[in-house]
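In what follows, every heavy atom counts, from backbone to side chain, and hydrogens, waters and symmetry copies are set aside. When a ligand or atom number is given, it counts from 1 through the structure's own listing order.
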Amino acid sequence: MSVSRAILPALVVRPMTLDDLDEVLDIERASFIAPWTPDLFVAEFGNPRSVKRVVTVGENGPVIGYVIFWIVLDEAHLMNVAVDEAFKRKGAAKLMLQKMIDECAGRGVRYVTLEVRKSNEAAIELYLRFGFKMVGLRKNYYVHEHEDAIMMELEIS
Ligand SMILES: CC(C)(COP(=O)(O)OP(=O)(O)OC[C@H]1O[C@@H](n2cnc3c(N)ncnc32)[C@H](O)[C@@H]1OP(=O)(O)O)[C@@H](O)C(=O)NCCC(=O)NCCS
């Protein structure tokens with residue numbers, strides 16, 4: 001489906017609920033070679049460190065993306081972020097990451113860290129846009145595909 005930015009209602013970011021899981025899992029499975037299982041998502045709801053947000057089209061529209069990050073003291077780690085293929089490149093990830101950074105700043109977080117596949121140009125470009133810096137490499141982090149992970153970090157001033 002192709003949706004032009006001109007007719008797309010405003011994107012809304014709100015907390016993820018268990019009712020969102022079916023839609024989230026559809027996006028997850030379409031987005032990753034090794035998707036998180038339903039159990040992994042459910043476990044996030046019992047984890048007090050975990051912050052989970054979805055982005056929807058309009059207030060009550062479909063879920064088109066999600067972000068999960070953990071806040072531990074003054075550090076946050078981006079665990080998962082994905083956007084529905086049909087809604088890519090419309091600013092959904094940008095909106096979610098901006099909200100994540102704002103929330104982190106408001107909670108006294110100083111650093112946001114993440115790992116990203118070396119081949120994931122779209123995500124790397126997105127993180128660079130937000131000022132994340134490449135700070136290291138985890139060799140063979142994605143064992144099945146023998147792919148390295150780039151470690152990235154954003155210092156929140
Ligand atoms: C990475 C991902 C989350 C981006 O979502 P998105 O909603 O399409 O991104 P946005 O529209 O907010 O794009 C914001 C910026 O990111 C960069 N970007 C996004 N997709 C890109 C692409 N395919 N190629 C190059 N840069 C890209 C651009 O700088 C873009 O700004 P612009 O559109 O003004 O040029 C999405 O491609 C995705 O779900 N990928 C699969 C899951 C994944 O890899 N997650 C990251 C795991 S570390």
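Of the N or O atoms in Glu125, none lie within a sub-3.5 Å distance of an N or O in ligand 1. Note: an N/O pair closer than 3.5 Å links Arg129 and ligand 1 by distance alone. By the 3.5 Å distance cut-off applied to N or O atoms, Ala123 is not counted among the residues near ligand 1. Inclusion of Phe32 in the set of residues having an N or O under 3.5 Å from an N or O of ligand 1 is not warranted.
Summarising the geometry, atom CD belonging to Glu147 is positioned 9.5 Å from atom CG belonging to Asn140; distances are rounded to the nearest 0.5 Å. Between the CG atom in Leu11 and the CE atom in Met96 there is a gap of 9.0 Å [rounded to 0.5 Å].
For NZ of Lys99, the number of neighbouring non-hydrogen atoms (other residues, nucleotides, ligands) closer than 6.0 Å is 12 at most. Counted within 6.0 Å of CZ on Arg49, heavy atoms from surrounding residues, nucleotides or ligands total 12 or fewer; the atom is thus considered open.
Put simply, the side chain of Asp26 never gets that close to the backbone of Glu23: no donor and acceptor are under 3.5 Å apart.
Interface atoms of ligand 1 facing Lys90, defined by a heavy-atom separation under 4.0 Å, are 11 (O). Shown in contact with Lys94 at under 4.0 Å from a heavy atom are these atoms of ligand 1, numbered in order with element: 12 (O), 34 (O). The contact set between ligand 1 and Ala93, taken as ligand atoms under 4.0 Å from a residue heavy atom, comprises 3 (C), 4 (C), 5 (O), 6 (P), 7 (O), 9 (O), 12 (O). Residue Leu126 approaches ligand 1 through these ligand atoms, each under 4.0 Å from one of its heavy atoms: 14 (C), 15 (C), 16 (O), 17 (C). Taking every heavy atom of Tyr127 and a limit of under 4.0 angstrom, the matching atoms of ligand 1 come to 46 (C), 47 (C), 48 (S). Below 4.0 Å from some heavy atom of Gly91 lie the following atoms of ligand 1, by number and element: 10 (P), 11 (O), 12 (O).
Among Met96, Met79, Arg89, the residue whose heavy atom lies nearest to atom 28 (C) of ligand 1 is Arg89. Among Ser31, Ala122, Ser119, Pro35, the residue whose heavy atom sits closest to atom 41 (C) of ligand 1 is Ser31.
Residue pairs meeting the ring-ring contact (aromatic ring centres under 6.0 Å, His included) criterion with at least one member in residues 129-157, sequence neighbours excluded: Tyr127-Phe132. Within the structure, side-chain hydrogen bond (donor to acceptor under 3.5 Å, both in side chains) pairs that include any residue of residues 32-41 do not occur (at least two apart or interchain).
Here Leu78 has no heavy atoms under 4.0 Å from ligand 1, in either its backbone or its side chain.
Side chains of Met16 and Glu44 form no contact here, defined as non-hydrogen atoms less than 4.5 Å apart.
Ile27 and Val83 are assigned to two separate hydrophobic clusters, defined by single-linkage of ILVMFWY side chains at heavy-atom distances under 4.5 Å.
Not a single heavy atom of Glu121 sits closer than 4.0 Å to an atom of ligand 1.
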